[in-house]
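For the numbers below, each heavy atom of this structure counts, side chains included, while hydrogens, waters and symmetry mates do not. Order of listing sets the numbers, starting from 1, for every ligand and every atom in it.
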Amino acid sequence: MTLPGRDSGAVITFDGPAAAGKSSVAQRVARLLGMPFVSSGLLYRAATLVAARSGADPRDEAAILAALSSHAITLEPGLHENRVRIGGHDVSAAVHTDTVDANVSFVAAHPRVRDWVSAKLREVPPPFAIDGRDMGAVVFPEARHKFFLTASARERARRRVGERSADLEAVAGAIARRDQLDARQSEPAPDAQHIDTEGLDLDEVVEVVLRHLAERGVVPRRAAAPGDRRENPERGDGSAREGSAREGSVPDGDGVDA
Ligand code: DC
C-alpha cells in the first residue's frame, strides 16, 4: 500500500546480505543527499526482542504477532541515525546482540511479520535512503534508485569482527547460517545496480554509488552548482529543479508507531 500523495519513487534502496555494509553506505549517501536514512532491519530486530521478552517462540508466527500487537514499537528515522523504541524505551543498542542475531532470521521469515514491517516502512514519508533485504524487490518496487551490495562471506565476517569483538571463524559461521536463512527474502530487484564491495572501503563504495546516482542526475547538495538543473529524488515526477535534495524531510523524532 502506498499512501496517496507520497512519491515512493523518491526512495533509494540498499539491499544485500548481512554485513555487506548496506547501512553504513545508505547512511553516508543519505547524509550527503540531505535526506533521512531508514534501517528496516531495526524493525525486525525490535520484533525479535519483543518476541523474546514475551516468551514467544521465534518459529511461532501467531505468538509473535500477538506480542507485536501488545507492544508499541516506534522507528525514528533520522539524518544521522535511527532509533527504535519499545513502549517508549530506546532499545537501539539492545537489538544488536548475538541473541537477537541468532533469532532474527526466524522471526523475519514469517510472511505476516514481513507484512507488519513493510506496512510501517511505507508510512515513512519519502525521500529517504533505506537498507534491508527486500526493499527494492518487494517493499519499494517503484523506487527509482536501487543498489544491491555484495561481498564474500569471509570479507563480511572480517568487517563484523571489527564492529563487535568476536572470533572470525565463529562470525563467519554465523553469517553463513544467516545468509541461508535470509536467502528467500533477499532476492535482488531485477532493476537493482549490483556493487561488489570486496576489497573496497566505505568511502570507495560510497563513491561508486554517488557515481551511479550522478549519472541519473542525483547529486549531493554541496556538489550541485548554482543554477544546475537536476532531478531531485524528492520529486516524484522526475522534473528538473534547482539544486539537489533538501535537508531532513523526516525530522529526527518523527516516528512511525506500531
Ligand atoms: O540488516 P540487519 O542485519 O540489521 O537485519 C537483521 C535481520 O533482519 C536479518 O537477518 C534479516 C532480517 N531482515 C529482513 O529479513 N528483511 C529486511 N528488509 C531487513 C532485515
Trainee: Just jot down the ligand 1 atoms closer than 4.0 angstrom to any heavy atom of G41, in number order.
Mentor: 4 (O), 5 (O), 19 (C), 20 (C)
Trainee: By number and element, which atoms of ligand 1 are closer than 4.0 Å to a non-hydrogen atom of S105?
Mentor: 10 (O)
Trainee: What protein heavy atom is closest to atom 13 (N) of ligand 1, reported as residue, atom name and distance in Å?
Mentor: Y44 CD1, 3.6 Å
Trainee: Need the ligand 1 atom indices (1-based, order shown) with element for anything under 4.0 Å from a heavy-atom of M135.
Mentor: 18 (N)
Trainee: So how far is it from T150 OG1 to E198 CD, rounded to the nearest 0.5 Å?
Mentor: 8.0 Å
Trainee: Mark yes or no for whether K22, through its side chain, and G16, through its backbone, hold a donor-acceptor pair below 3.5 Å.
Mentor: yes
Trainee: Should the pair R158-E155 be classified as a salt bridge under the 4.0 Å nitrogen-to-oxygen rule?
Mentor: yes
Trainee: Are any of the N/O atoms in Q185 less than 3.5 Å from those in ligand 1?
Mentor: no
Trainee: Mind checking whether K120 and W116 have side chains closer than 4.5 Å, heavy atoms only?
Mentor: yes
Trainee: In the protein, which heavy atom is nearest to atom 19 (C) of ligand 1, and how far is it?
Mentor: S40 OG, 3.4 Å
Trainee: I need the atoms of ligand 1 closer than 4.0 Å to a non-hydrogen atom of A108, numbered in the order shown.
Mentor: 12 (C), 15 (O)
Trainee: With atoms numbered from 1 as shown, which atoms in ligand 1 lie under 4.0 angstrom from a non-hydrogen atom of D182?
Mentor: 9 (C), 10 (O), 11 (C)
Trainee: I'd like to know whether I12 forms a side chain to side chain contact (heavy atoms under 4.5 Å, CB included) with M35, so could you lay out the CA-CA distance, the side-chain angles of the two residues, the decisive distance to 0.1 Å, and finally the verdict.
Mentor: CA-CA 10 Å; I12 304 178; M35 60 171 63; 4.2 Å; yes
Trainee: Is any N or O atom of R178, backbone or side chain, closer than 3.5 Å to an N or O atom of ligand 1?
Mentor: yes
Trainee: State whether the side chain of D15 and the backbone N or O of G136 hold a donor-acceptor pair below 3.5 Å, judged by distance alone.
Mentor: yes
Trainee: Under 3.5 Å between any N/O of R160 and any N/O of ligand 1: does that happen in this structure?
Mentor: no
Trainee: Assess, by modelled atom type and distance only, whether the side chains of R159 and S24 contain a donor and an acceptor separated by less than 3.5 Å.
Mentor: no
Trainee: For A172, does its backbone N or O pair with a side-chain atom of R154 as donor and acceptor, under 3.5 Å?
Mentor: no
Trainee: What atoms of ligand 1 come closer than 4.0 angstrom to any heavy atom of V104?
Mentor: 7 (C), 8 (O), 10 (O)
Trainee: For atom 1 (O) of ligand 1, what's the nearest protein heavy-atom neighbour? Residue, atom name and distance, please.
Mentor: R133 NH1, 3.1 Å
Trainee: Is there a side-chain contact between L75 and L121, using heavy atoms and a 4.5 Å cut-off?
Mentor: yes
Trainee: Would you mind finding which of R114, R45, R184 brings a heavy atom closest to atom 6 (C) of ligand 1?
Mentor: R45
